[in-house]
Peer 1: 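Dropping the structure in here first, questions after.
Reminder, nothing fancy here: chain letters follow the sequence lines and each chain counts from 1. Keep in mind it's a predicted model, so treat the numbers as computed, not measured.
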Amino acid sequence: MRQSRLFTKTRKEAPKDEVSKNAQLLIRAGFIHKEMAGVYSYLPLGRRVLENIERIVREEMDAIGGQEIRMATLHPSEPWKQTGAWDNVDVVFKIQSRTEKEYTVGQSEEEIVTPIAGEYATSYKDLPVAIYQIGQKYRDELRAKSGIMRGREFSMKDMYSFHETQEDFDRFYAEAKEAYLRVYSRLGLVAKATEASGGAFTKKLSYEFMVLTDAGEDDILYCDTCSYCTNVEVSTQNEGDECTRCNQGVLSRAKASEVGNIFDLGTKYAQDFNVTYKNKEGESVHPIMGCFGIGITRLMGVIVEALADEKGIVWPTTVAPFKVHLVGLLGDDTELREYADGVYASLKDKGIEVLFDDRDARPGEKFADSDLIGLPYRVVISKKTKEEGRFEVVERKTGVVTFLSEEELYSMVGGREYQG
RNA sequence: CGGGGCGUAGUAUACCGGUAGUACGUCUGGUUUGGGACCAGAUAGACCGAGUUCGAUUCUCGGCGCCCCGACCA
């Protein structure tokens, strides 16, 4: 992508109505555009980030047997009344058409997926099954806040699994938990699985996946020795207590942001929709159901919050909209410009995603924009680097500058996965 | 939903009961070119409605919108 053709531009100042770091930086860098409180559009750079997050989530869900579908987002009100959510869940949007028929838009999809699963998973031989989608969700929040971290419209991966037994559900949960931790790790985040309350429709514990960040809405206690972690809202312990799991570590308290959760839904929805399968004995049985969520847009916000520095965003290589920011300090030197065009073309030929700052702007402005946008590697091309026959490469995360040959450059930026 | 704050060019801000100034951006011309450069010129603005007033962007009321704290958070 040539930056001179990228229709978004950077800004020096954030709009005054945005306070959160994620929204300020993402707006200043041209990743998102605010439509109203809690609703954002994703511009070319932002859309590429979302796509990268989605790809990683998709790969990990597929790896544990998830099957991707795409459910409707406009829903009839009937299934929502059938489960009680229409009256009991306050964030459900209620829409009335001109014929006075009532609809809602999906804030979660149990009401849609359960009947779909029931139509096909009719035998114990069909179980277990895990169905997921990645898509827009809508919640009538009284107060949207924190930029893209808590919106009225957002993107979420929601997976629903159906099982014969609690044991099988527990097995799948353990696999899903590992898959979730792989997702966060690949996104360059450190997440902890915590115990939390079960929400509106289950008394069982749920598990939340939390990333430590001061922008978080939750307070957690975590052990400094083992992996134990709990939400303070359900914990009977306090900061400084000895960990009750390993009896060695001490609990620390921190702010964290929820980036995923799992609920054991039991047979509630299967009962509501009278969904059953036939077991070996030929009896009709309600499947045990679980739901697994990952907030895609929230993850984008959390990554910004957790990794940005005073100069701007710092994207992990796995989610960056482009791997390389090729910054040309070219002036009106035609020969130099042709040389830079050639470097841009060969990077693209190697399959490396590159944003080429070919704009007619001064160096300081280009460097500042480059820091703000936060691509993992900045490759500077100037009269100096051309004469020396090497590329000046600056790693955004560390600021480390190296001068590399063409081959060394390709080997540094060639791989896609996060290097740590 | 309770409490608080704020609505002025694209963005950030200033002043004022007598129709608005600055910076950045954008456009034109010129000089520049390794950390947001300079000169000259141009462009563009009072959220909506009602009231008070000779006159309202300014004061009052209502609406709408946005932000923050809390509550809530499938």
Side-chain angles (χ1 to χ4, degrees), chain A residues 8-20 23-24 27-28 30 33-39 80 83-86 88-93 104 106-113 137-147 149-152 154 156 158-160 196-202 204 206-208 216-218 231 233 257-258 260-265 268-269 289-295 298 311-312 327-333 336-337 357 359-373 378 380-388 392 394 399 401:
Chain A
T8 58
K9 295 173 184 172
T10 60
R11 288 194 216 166
K12 275 188 193 169
E13 286 169 302
K16 66 168 177 290
D17 65 357
E18 293 286 4
V19 173
S20 67
Q24 286 195 346
I27 289 172
R28 283 185 52 211
H33 178 263
K34 185 183 207 150
E35 304 302 339
M36 57 175 157
V39 180
W80 291 84
T83 62
W86 186 266
N88 297 332
V89 177
D90 50 12
V91 296
V92 171
F93 272 107
T104 187
Q107 51 92 36
S108 184
E109 304 261 353
E110 284 86 349
E111 278 76 1
I112 301 302
V113 76
K137 297 286 177 292
Y138 302 86
R139 292 188 185 171
D140 191 5
E141 297 280 358
L142 288 177
R143 183 184 164 205
K145 62 171 183 173
S146 305
M149 310 257 300
R150 182 170 168 181
R152 298 199 168 93
F154 56 96
M156 185 168 93
D158 45 324
M159 180 163 72
Y160 307 88
S197 69
F201 284 121
T202 170
K204 298 175 180 177
S206 72
Y207 294 87
E208 293 174 341
E217 295 186 296
D218 294 87
N231 197 310
E233 72 185 14
S257 185
E258 181 189 336
N261 63 15
I262 172 200
F263 293 93
D264 178 347
L265 298 173
K268 168 175 166 57
Y269 290 93
M289 189 173 163
C291 111
F292 306 73
I294 292 184
R298 171 174 284 196
K311 290 178 176 175
V327 174
L329 308 183
L330 309 174
D332 44 15
D333 184 333
L336 185 57
R337 194 165 280 274
D357 190 350
R359 297 174 303 166
D360 183 22
R362 293 172 60 84
E365 187 177 350
K366 292 191 172 197
F367 291 143
D369 280 351
S370 176
D371 289 333
L372 177 62
I373 290 170
R378 177 197 303 162
V380 183
I381 292 187
S382 66
K383 184 171 280 182
K384 188 175 78 181
T385 67
K386 178 176 175 245
E387 282 167 2
E388 291 172 1
E392 175 184 322
V394 185
V401 184

Peer 1: Determine the Euclidean distance between corresponding C1' atoms of B/rA9 and B/rU26; express it in Å to zero decimal places.
Peer 2: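 Looking at atom C1' only, B/rU26 and B/rA9 are 11 Å apart.
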Peer 1: For A/Arg28 and B/rG36, give me the distance from atom CZ to atom P, rounded to whole Å.
Peer 2: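 In whole Å, B/rG36 P and A/Arg28 CZ are 15 Å from each other.
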Peer 1: Nearest nucleotide by nearest heavy atom, which residue falls closer to the 5' end of RNA chain B, A/Glu217 or A/Ala14?
Peer 2: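 Result of the comparison: A/Ala14.
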Peer 1: How is A/Asp90 classified with respect to the nucleic acid when contacts are heavy atoms under 4.0 Å: base, sugar-phosphate, or nothing?
Peer 2: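 Sugar-phosphate contact only - A/Asp90 comes under 4.0 Å of backbone atoms but never of a base.
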Peer 1: Between P on B/rG34 and CG on A/Asp371, what's the gap in Å once rounded to a whole number?
Peer 2: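 About 17 Å, once rounded to whole Å.
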Peer 1: If we take the C1' atom in both B/rG25 and B/rG10, what is their distance in whole Å?
Peer 2: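 These two C1' atoms come out 7 Å apart once rounded.
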Peer 1: Any heavy-atom pair between the side chains of A/Asp357 and A/Ser370 that's under 4.5 Å?
Peer 2: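 A/Ser370 does not reach A/Asp357 side chain to side chain.
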Peer 1: Got a sec, which residues hit side-chain contact (heavy atoms from CB on, under 4.5 Å) with A/Gln24, two or more places apart in sequence or on another chain?
Peer 2: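 For A/Gln24 the side-chain contact (heavy atoms from CB on, under 4.5 Å) partners, ignoring immediate neighbours, are A/Ala14, A/Glu18.
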Peer 1: Restricting to side-chain hydrogen bond (donor to acceptor under 3.5 Å, both in side chains), what partner residues turn up for A/Glu13, sequence neighbours left out?
Peer 2: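 None.
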Peer 1: Determine the Euclidean distance between corresponding C1' atoms of B/rA56 and B/rC15; express it in Å to zero decimal places.
Peer 2: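 B/rC15 and B/rA56 have their C1' atoms separated by 15 Å.
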Peer 1: Is there any protein nitrogen or oxygen under 3.5 Å from a nitrogen or oxygen in nucleotides 30-32 of chain B, and what are the pairs?
Peer 2:
from	atom 1	to	atom 2	distance (Å)
B/rU32	O2	A/Arg362	NH1	2.6

Peer 1: Could you walk me through whether A/Thr104 and A/Glu111 pass the side-chain contact (heavy atoms from CB on, under 4.5 Å) test, one step at a time?
Peer 2: CA-CA 11 Å; A/Thr104 187; A/Glu111 278 76 1; over 6 Å; no
Peer 1: Given the P atoms of B/rG7 and B/rA46, what is the spacing between them in whole Å?
Peer 2: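 To the nearest whole Å, 15 Å.
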Peer 1: Who passes salt bridge (charged side-chain N to carboxylate O under 4.0 Å, His left out) against A/Arg152, sequence neighbours left out?
Peer 2: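 Listed in chain order: nothing, the list is empty.
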Peer 1: If the C1' atom of B/rU32 is compared with that of B/rC38, how far apart are they to the nearest Å?
Peer 2: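 Straight-line distance between the two C1' atoms is 8 Å.
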Peer 1: Identify, with sequence neighbours excluded, every residue that meets salt bridge (charged side-chain N to carboxylate O under 4.0 Å, His left out) alongside A/Arg11.
Peer 2: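 For A/Arg11, no residue satisfies salt bridge (charged side-chain N to carboxylate O under 4.0 Å, His left out) once neighbours in sequence are set aside.
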Peer 1: In whole angstrom, give the distance that lies between atom CG of A/Leu372 and atom C1' of B/rG36.
Peer 2: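 Taking atom C1' of B/rG36 as the reference, CG of A/Leu372 is at 11 Å.
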Peer 1: Based on the glycosidic angle (syn within 90° of 0, else anti), state the conformation of B/rU60.
Peer 2: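 Here B/rU60 takes the anti form, which means its glycosidic angle is more than 90° from 0.
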Peer 1: Without decimals, in angstroms, what is the distance between A/Asp357 CG and B/rG36 P?
Peer 2: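 Nearest whole value for this atom pair: 15 Å.
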Peer 1: Considering only the C1' atoms, how many Å lie between B/rA14 and B/rG45, rounded to the nearest integer?
Peer 2: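 Here B/rA14 and B/rG45 have their C1' atoms 13 Å from each other.
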Peer 1: Base, sugar-phosphate alone, or nothing: which one does A/Glu109 contact when heavy atoms must sit under 4.0 Å apart?
Peer 2: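 Result for A/Glu109 = nothing.
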Peer 1: Name the nucleic acid region contacted by A/Asp369, choosing base, sugar-phosphate or nothing; use a 4.0 angstrom heavy-atom cut-off, strictly under.
Peer 2: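 Base contact.
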Peer 1: Please report the distance, rounded to the nearest Å, between CZ in A/Arg359 and P in B/rG35.
Peer 2: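 It is 16 Å, rounded to the nearest whole Å.
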Peer 1: When the C1' atoms of B/rG62 and B/rA12 are compared, how many Å lie between them, rounded to an integer?
Peer 2: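 Here B/rA12 and B/rG62 have their C1' atoms 30 Å from each other.
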Peer 1: For A/Lys12, which residues count as a side-chain contact (heavy atoms from CB on, under 4.5 Å) partner, sequence neighbours excluded?
Peer 2: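 With sequence neighbours excluded, A/Lys12 shows a side-chain contact (heavy atoms from CB on, under 4.5 Å) to no residue whatsoever.
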Peer 1: How does each nucleotide of nucleotides 22-27 of chain B score, in 5' to 3' order, for protein heavy atoms under 4.0 Å: base (B), sugar-phosphate only (S), or none (-)?
Peer 2: ------
Peer 1: State which residues pass side-chain hydrogen bond (donor to acceptor under 3.5 Å, both in side chains) with A/Thr10; sequence neighbours excluded, sorted by chain then number.
Peer 2: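 If we apply the side-chain hydrogen bond (donor to acceptor under 3.5 Å, both in side chains) test to A/Thr10, skipping adjacent residues, the hits are A/Asp369.
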Peer 1: Between N or O atoms, less than 3.5 Å apart, protein on one side and nucleotides 62-71 of chain B on the other: list the pairs.
Peer 2:
from	atom 1	to	atom 2	distance (Å)
B/rC66	OP1	A/Ala37	N	2.8
B/rC66	O3'	A/Lys34	NZ	3.4
B/rC66	O2'	A/Asp17	OD2	3.2
B/rC67	OP1	A/Lys34	NZ	2.8
B/rC69	OP2	A/Arg143	NH2	2.4
B/rG70	N7	A/Arg143	NH1	3.4

Peer 1: Taking atom P in both B/rC68 and B/rU13, compute the distance separating them and give it to the nearest angstrom.
Peer 2: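 Between the two P atoms, the distance is 15 Å.
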Peer 1: Do the side chains of A/Val380 and A/Phe367 get nearer than 4.5 Å, heavy atoms only?
Peer 2: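 Side-chain contact under 4.5 Å: yes.
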Peer 1: Less than 4.5 Å apart, any side-chain heavy atom of A/Arg150 and any of A/Arg298?
Peer 2: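 Yes, their side chains come closer than 4.5 Å.
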Peer 1: Expressed in angstrom and rounded to an integer, what is the separation of A/Asn88 atom CG from B/rC73 atom P?
Peer 2: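 Between P of B/rC73 and CG of A/Asn88: 13 Å.
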Peer 1: With A/Asp140, which residues qualify under side-chain contact (heavy atoms from CB on, under 4.5 Å), at least two apart?
Peer 2: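 Checked A/Asp140 against side-chain contact (heavy atoms from CB on, under 4.5 Å); matches are A/Phe93.
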Peer 1: Quick one: salt bridge (charged side-chain N to carboxylate O under 4.0 Å, His left out) partners of A/Lys145, sequence neighbours excluded?
Peer 2: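 A/Lys145 satisfies salt bridge (charged side-chain N to carboxylate O under 4.0 Å, His left out) with A/Glu217 only.
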Peer 1: Should A/Met156 and A/Arg139 count as side-chain neighbours, where that means a heavy-atom distance under 4.5 Å?
Peer 2: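 Contact flag for A/Met156/A/Arg139 side chains = yes.
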Peer 1: Is there side-chain contact between A/Lys268 and A/Met289, with at least one heavy-atom pair below 4.5 Å?
Peer 2: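 They are not in contact (no side-chain heavy atoms under 4.5 Å apart), so the answer is no.
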Peer 1: Given side chains that start at C-beta, do those of A/Cys291 and A/Glu110 come closer than 4.5 Å, heavy atoms only?
Peer 2: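 Touching, per the 4.5 Å side-chain cut-off.
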Peer 1: Rounded to the nearest Å, what distance is computed from the CZ atom of residue A/Arg139 to the C1' atom of nucleotide B/rC73?
Peer 2: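 Between C1' of B/rC73 and CZ of A/Arg139: 8 Å.
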Peer 1: If I take atom CG in residue A/Asp332 and atom P in nucleotide B/rU33, what distance separates them, rounded to the nearest angstrom?
Peer 2: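 The distance from CG of A/Asp332 to P of B/rU33 comes to 9 Å, rounded to the nearest Å.
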Peer 1: Starting at the 5' end of RNA chain B, write a dot or bracket for each base, bracketing those in Watson-Crick or G-U wobble pairs whose two distances are under 3.5 Å and using | for partners on another strand.
Peer 2: (((((((..((((....[..))))(((((((.....)))))))...(((((..]....))))))))))))....
